[in-house]
**Q** 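My structure is below; once you've seen it, I'll send some questions.
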Amino acid sequence: MKVISWNVNSIRTRLERVLGVLERHQPDLLCLQETKVTDEDFPHTALANAGWHAHVHGQKTYNGVAMISREPLEEVVCNFDDNPVPEEARIIRATCQGVRVLNAYVINGKEVGCDKYVRKLAWLDALTQTMKAELAEPRPTVMLGDFNIVTDDRDIYDADGWRGKILCSDEERARLQSFLSLGMVDLHREQTSEAGIFTWWDYRGGAFPRNMGMRIDLALGNPSAAGICTDVGVDRDERKKGDWEAKPSDHAPLVVVLKTS
DNA sequence: ATGGTTGGTCGCCAA
């Protein structure tokens, strides 16, 4: 089964690209972040006409997550209990072909120490509790999405310049470690230890052509999921395409392949 | 440190 995670940065602006990714990759499941649309205004019809099911958890203007699949998903849950920011639509989970999938859009945090940063850490702490409860089930479980955290120096173009700053602080990395302490592994890092694999490039300053990026979109899996994960890769072409005529998202899709029976 | 681009929405906020 193929699962893709992609911060689409507005599904309405990039609907044609979403349809293109679905057509090109033929995934079983596409997990989107930053759909930036209410459930009412989500382009349900266009996706249904192309043969896809969509489960959505959105809001006006900001955030928003969605799961788009060939077959209907099971056990769909929006949001999570004890969320310190319940009004922000940042997580949706569902079961696809027996695999539990959590699709998360982690708070950016803006700057270390500010109120948004404090909320980011609290939200991640609460998510850890939800993750722990999910892992009580022995089935393959994957959490993927835009984590807005750079794991280590290999995952950013200028590690020294960013050290301790937002996305790279010890406190954020400790929250990432807490997921690993639950037994989850970074499925991408199971495949390669190579430095300079990025999933996001700033729109500003020609960051993409200069490859000034970061790996902040991740796929974590429990041992059961890791055991059947055969490939993880970044669809860099999707970020590349589009110079000025067909605008890309600032994130590239992260493609995860699991060998399900 | 600022930079400076994009999206939603229409004066800015967020990333």
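Chain naming here is simple, since letters A, B, ... match the order of the sequence lines and numbering starts at 1 in each.
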**Q** Specify the residue among A/Asp146 and A/Thr35 whose closest nucleotide of DNA chain B lies further upstream toward the 5′ end.
**A**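 Checking each residue's closest nucleotide, the 5'-ward one belongs to A/Thr35.
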**Q** Report yes if at least one side-chain N or O of A/Lys60 is closer than 4.0 Å to OP1 or OP2 of B/dT9; otherwise report no.
**A** yes
**Q** Provide, to the nearest angstrom, the distance between the NZ atom belonging to A/Lys116 and the P atom belonging to B/dC13.
**A** 9 Å
**Q** How many Å lie between CD on A/Gln59 and P on B/dA14, as a whole number?
**A** 12 Å
**Q** Does A/Arg215 count as lying over the ring of A/Trp200, i.e. NZ or CZ under 6.0 Å from the six-ring centre, within 45 degrees of the axis?
**A** no
**Q** Can you measure A/Asp217 atom CG to B/dA15 atom P for me and round it to whole angstrom units?
**A** 14 Å
**Q** Which whole-number value in Å describes the distance from A/Asn7 CG to B/dG7 C1'?
**A** 12 Å
**Q** Could you check how far CG of A/Asn108 sits from C1' of B/dT6, rounded to whole Å?
**A**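 In whole Å, B/dT6 C1' and A/Asn108 CG are 14 Å from each other.
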**Q** Could you tell me whether A/Arg173 and A/Asp152 make a salt bridge, using a distance below 4.0 angstrom between a side-chain N and a carboxylate O?
**A** no
**Q** In whole angstrom, give the distance that lies between atom CE of A/Met212 and atom P of B/dG3.
**A** 15 Å
**Q** Please tell me if A/Thr61 has a side-chain N or O lying less than 4.0 Å from either OP1 or OP2 of B/dT9.
**A** yes
**Q** Could you tell me whether A/Lys110 contacts a base, only the sugar-phosphate backbone, or nothing, with contacts defined as non-hydrogen atoms closer than 4.0 Å?
**A**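 Here A/Lys110 touches no strand at all.
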**Q** For A/Lys2 and A/Val257, indicate whether the former's side chain and the latter's backbone hold a donor-acceptor pair under 3.5 Å.
**A** no
**Q** With a 4.0 Å cut-off on heavy atoms, is A/Tyr105 in touch with a base, just the backbone sugar-phosphate, or nothing at all?
**A**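 The residue A/Tyr105 makes sugar-phosphate contact but no base contact.
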**Q** Tell me the interatomic distance from A/Glu34, atom CD, to B/dT9, atom C1', rounded to whole angstroms.
**A** 15 Å
**Q** So that I can tick it off, tell me whether A/Glu134 and A/Arg93 are bridged by a salt bridge, with the cut-off set at under 4.0 angstrom between side-chain N and carboxylate O.
**A**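 Judged by the 4.0 Å cut-off on N to carboxylate O distance, A/Arg93 and A/Glu134 do form a salt bridge.
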**Q** Indicate whether OP1 or OP2 belonging to B/dT6 is found under 4.0 Å from a side-chain N or O atom of A/Lys247.
**A**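 Indeed not, no polar side-chain atom of A/Lys247 lies that close.
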**Q** For A/Lys36 and for A/Gly206, locate the closest nucleotide of DNA chain B by heavy-atom distance; then report the residue assigned to the nucleotide nearer the 5' terminus.
**A**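 Taking each residue's closest nucleotide, the earlier one in sequence belongs to A/Gly206.
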**Q** Look at the side-chain N and O atoms of A/Arg204 and state whether any lies under 4.0 Å from the OP1 or OP2 oxygen of B/dA15.
**A** no
**Q** Could you tell me the separation between the CG atom of A/Asp202 and the C1' atom of B/dG3, rounded to a whole number of Å?
**A** 9 Å
**Q** Is there a side chain to side chain contact (heavy atoms under 4.5 Å, CB included) between A/Trp6 and A/Ser249 once you walk through the steps?
**A** CA-CA 9 Å; A/Trp6 187 25; A/Ser249 168; 3.8 Å; yes
**Q** Distance between the P atoms of B/dA1 and B/dT6, in whole angstroms?
**A**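 It comes out at 26 Å once rounded to the nearest Å.
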**Q** Using the C1' atoms only, state how far B/dC13 lies from B/dG4, rounded to an integer number of Å.
**A**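 Taking atom C1' in both B/dG4 and B/dC13, they lie 16 Å apart.
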**Q** Using atom P in both nucleotides, what's the gap between B/dT9 and B/dA15 to the nearest angstrom?
**A** 15 Å
